[in-house]
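The basis for the numbers below is simple: all heavy atoms, side chains too, and nothing from hydrogens, waters or symmetry mates. Small disclaimer: the values here were computed from a predicted structure and weren't measured. Counting convention: from 1, in listed order, for ligands and their atoms alike.
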Amino acid sequence: MRQTVLAPALDAGNTPNLTDYEEACRTFSWEQAERQFSWSKTQRVNMAHECIDRHVEDGYGHKPALHYIEGAHQRVWTFAELKQETDRWATAFRNEGVKRGDIVFIFLPKNADCYIAMLATVKIGAVAGPLFEAFMEEAVRDRIDDCKGRFLITDPDLAARVPRKDLPSLEKVFVTAGPESCRDNEISWTDILADTFVSGSPTEWVDLDAPLNIHYTSGSTGKPKGIVHAHRAMIHQYQTGHWVLDIKDDDIYWCTAHPGWVTGTVYAIFAPWLNRATIVVNGGRFDADSWYAAIEKAGVTVWYSAPTAFRMLKAAGDELVGRYDLSTLRHVLSVGEPLNPEVIYWGVEQLGLRIHDTWWMTETGAQLIVNLPSEPIKPGSMGRPFPGIDIRILDDDGIEQAPGDIGHLAIRAPWPGLMREVWQNEEKYRSYFQFDGWYLSGDLAYQDADGYVFFQGRSDDMINSSGERIGPFEVESKLLEHGAVAEAGVVGKPDPLRGEIVKAFIVLKPGYQNTPELLQEIRLFVRSQLSAHAAPREIEVLAELPKTKISGKILRRQLKTWNADEEPVINASDSALSTAIPK
Ligand code: WTA
């Protein structure tokens with residue numbers, strides 16, 4: 001019989017930064033966390049300063065800050081080297097006309113340039129807009145166009161996916177290469193850097209509420225929305241890095257996410273560097289061998305990844321685990337999608353470690369529900385609220401539910417990591433605060449009598465595939481641009497490996513035949529124009545799609561439960577609780 005509660009493995013050499021959760025819940029205040037920052041004494045705020053320059057000033061310039069691995073290639077940058085590089089890049093951005101408050105889109109693979117670009121942007125008070133490296137033209141266009149972006153930095157390969165003709169706002173595209181690799185209207189960043197001389201510090205001091213970064217994220221309706229965070233988020237990000245990631249000075253920390261996703265910015269860059277960790281960056285996408293090799297090569301001690309990645313490692317076989325020395329690992333965490341108990345047991349058996357699930361969202365800016373290293377884990381639960389965070393499970397009317405009853409997961413606002421705004425969309429921002437003073441996550445959950453929270457699904461149609469948020473509307477719109485598609489409805493279909501896969505139901509236009517070749521062509525159409533992760537892995541052709549009687553809207557929830565042998569039952573109830581929760 002497997003244990004339903006996993007006790008923490010505490011030994012003398014492994015005391016967590018937080019040892020008493022209950023005590024912290026009673027006594028912790030965010031003001032206490034603020035004292036960790038140099039600005040609490042100097043009043044001079046800047047996230048890049050706290051992540052890099054401050055450590056150099058404190059005498060840690062020689063400490064490795066970034067360990068980059070790509071296959072056989074490795075390179076290490078110290079904090080002092082990163083300070084120098086980010087100063088140079090920041091000065092170069094400023095010389096090129098980037099000012100405080102301007103957005104700089106960063107469309108780069110997971111490499112040192114990407115990390116340096118992020119911090120250099122932030123250093124001059126500009127706003128970093130990282131884009132996921134697998135985005136294709138449409139995804140790039142939607143995001144840059146939404147906020148009329150003027151600046152972009154990219155590399156020669158990814159530059160080919162930037163549709164300049166559709167983006168008149170884009171004044172300057174910097175390409176991290178020599179002039180020979182640039183197209184006509186692109187600017188060689190290599191040339192610019194060669195002509196950049198740093199005199200004095202380029203750091204721009206801002207206030208805590210100044211915008212820091214923008215992440216476009218998908219919901220169930222419309223195009224992706226720009227979620228803007230402020231420098232203030234560092235308070236929350238530092239404290240979760242200290243207590244949840246449990247970072248100590250000799251840790252080698254690896255978060256596997258790309259900065260285009262919020263985890264790749266907050267927990268691959270800000271939180272670990274605010275805590276002065278050495279971070280590891282492993283170039284390329286998932287590959288079991290290269291991932292284990294990265295842990296061995298860099299001597300990773302703290303590792304933050306996602307359930308799909310753990311499931312893929314599990315599927316790659318136990319024999320592979322044995323081929324690598326993973327003995328440096330001491331703390332493992334997960335985020336982004338439900339972490340099945342099976343995966344936690346695999347971690348215990350194969351790595352000798354518990355996997356600590358954490359819950360948060362792009363909008364929340366940092367972790368809100370966590371499993372701390374000092375606390376028991378209940379496999380299947382996302383953990384308990386971080387100290388200083390007040391959560392409730394509410395019914396459709398905003399009434400608190402009893403322990404064990406499913407409802408809407410809500411958080412008392414504000415907290416330091418909470419988004420500053422949704423880019424030029426006040427209405428969308430307000431939609432999160434339907435019940436006065438409470439942020440509504442859109443997730444359904446229940447809380448047990450010990451305070452542990454159990455994820456039960458979404459109350460809307462957002463799809464979560466491999467931990468990546470996908471908006472059905474974006475995919476449906478793209479499908480409708482294909483000449484053969486008359487109607488499209490897109491849903492998440494449960495999948496043992498990826499949590500959910502994107503499944504499209506389509507109605508073909510008259511004259512088109514349902515053939516495997518046509519479906520493959522439609523799939524590749526979405527893949528090549530939007531992005532690989534959003535392309536439907538399954539497409540099913542129907543004679544018609546279920547719709548609401550009154551407004552004619554496609555009923556995605558009906559499609560979700562669609563069984564090819566049965567007629568869909570048309571039921572236009574709009575209560576998320578009554579339709580999404582199994583009774
Ligand atoms: C889901 C990622 C189950 C959830 C940091 C949330 C999770 C959405 C978990 C946010 C978890 C995140 N267990 N589901 N531990 N963590 N989610 O904005 O539905 O990309 O609302 O932020 O992912 O996704 P986002």
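In this structure, Asn464 has a heavy atom closer than 4.0 Å to ligand 1. Under the 4.0 angstrom criterion for non-hydrogen atoms, Pro338 is in contact with ligand 1.
Closest to atom 8 (C) of ligand 1 among all protein heavy atoms lies Met462 CE, 4.2 Å. Protein heavy atom at the shortest distance from atom 15 (N) of ligand 1 is Thr358 O, 2.7 Å. Considering only non-hydrogen protein atoms, atom 21 (O) of ligand 1 sits nearest to Asp443 OD1, 2.9 Å. Nearest non-hydrogen protein atom to atom 11 (C) of ligand 1 is Glu337 O, 3.5 Å. For atom 24 (O) of ligand 1, the nearest protein heavy atom (residue, atom name, distance) is Arg469 CD, 3.4 Å. Looking from atom 2 (C) of ligand 1 to the surrounding protein, the closest heavy atom is Trp360 O, 3.9 Å.
Looking at His258, its side chain does come within 3.5 Å of a backbone N or O of Leu108 through a donor-acceptor pair. In terms of modelled atom types and a separation under 3.5 Å, the side chain of Arg523 and the main chain of Pro536 share a donor-acceptor contact. Looking only at distances, no side-chain donor or acceptor of Glu137 sits under 3.5 Å from a matching main-chain atom of Val162.
A ring-centre distance under 6.0 Å is found for Trp360 and Tyr267. The aromatic ring centres of His67 and Trp254 sit 6.0 Å or more apart. Side-chain rings of Trp359 and Phe455 stay apart, their centers remaining 6.0 Å or farther from each other. Separation of the Phe435 and His408 ring centroids does not fall under the 6.0 Å cut-off.
Between Asp357 and ligand 1, at least one pair of N/O atoms sits closer than 3.5 Å. Below 3.5 Å of separation, one finds no N or O of Ser441 facing any N or O of ligand 1. For ligand 1, the polar-atom distance check against Gly336 finds a nitrogen or oxygen pair separated by under 3.5 Å.
Two residues are said to be in side-chain contact when any heavy atoms from C-beta on lie closer than 4.5 Å; Cys147 and Gln424 fail this criterion.
The side-chain tip of Arg412 does not point at the ring of Tyr439 from less than 6.0 angstrom away and within 45° of straight on.
In the model, Ser531 has a side-chain atom that pairs as donor or acceptor with a side-chain atom of His533 under 3.5 Å.
The backbone and the side chain of Thr362 each have at least one atom closer than 4.0 Å to an atom of ligand 1 (non-hydrogen atoms only). Proximity of Leu339 to ligand 1, defined as any heavy-atom pair under 4.0 Å, is not found for any part of the residue. For Arg458, every heavy-atom contact with ligand 1 shorter than 4.0 Å involves the side chain, none the backbone.
Every atom of ligand 1 is numbered from 1 in the order shown, and the set under 4.0 Å from a heavy atom of Thr263 is 5 (C).
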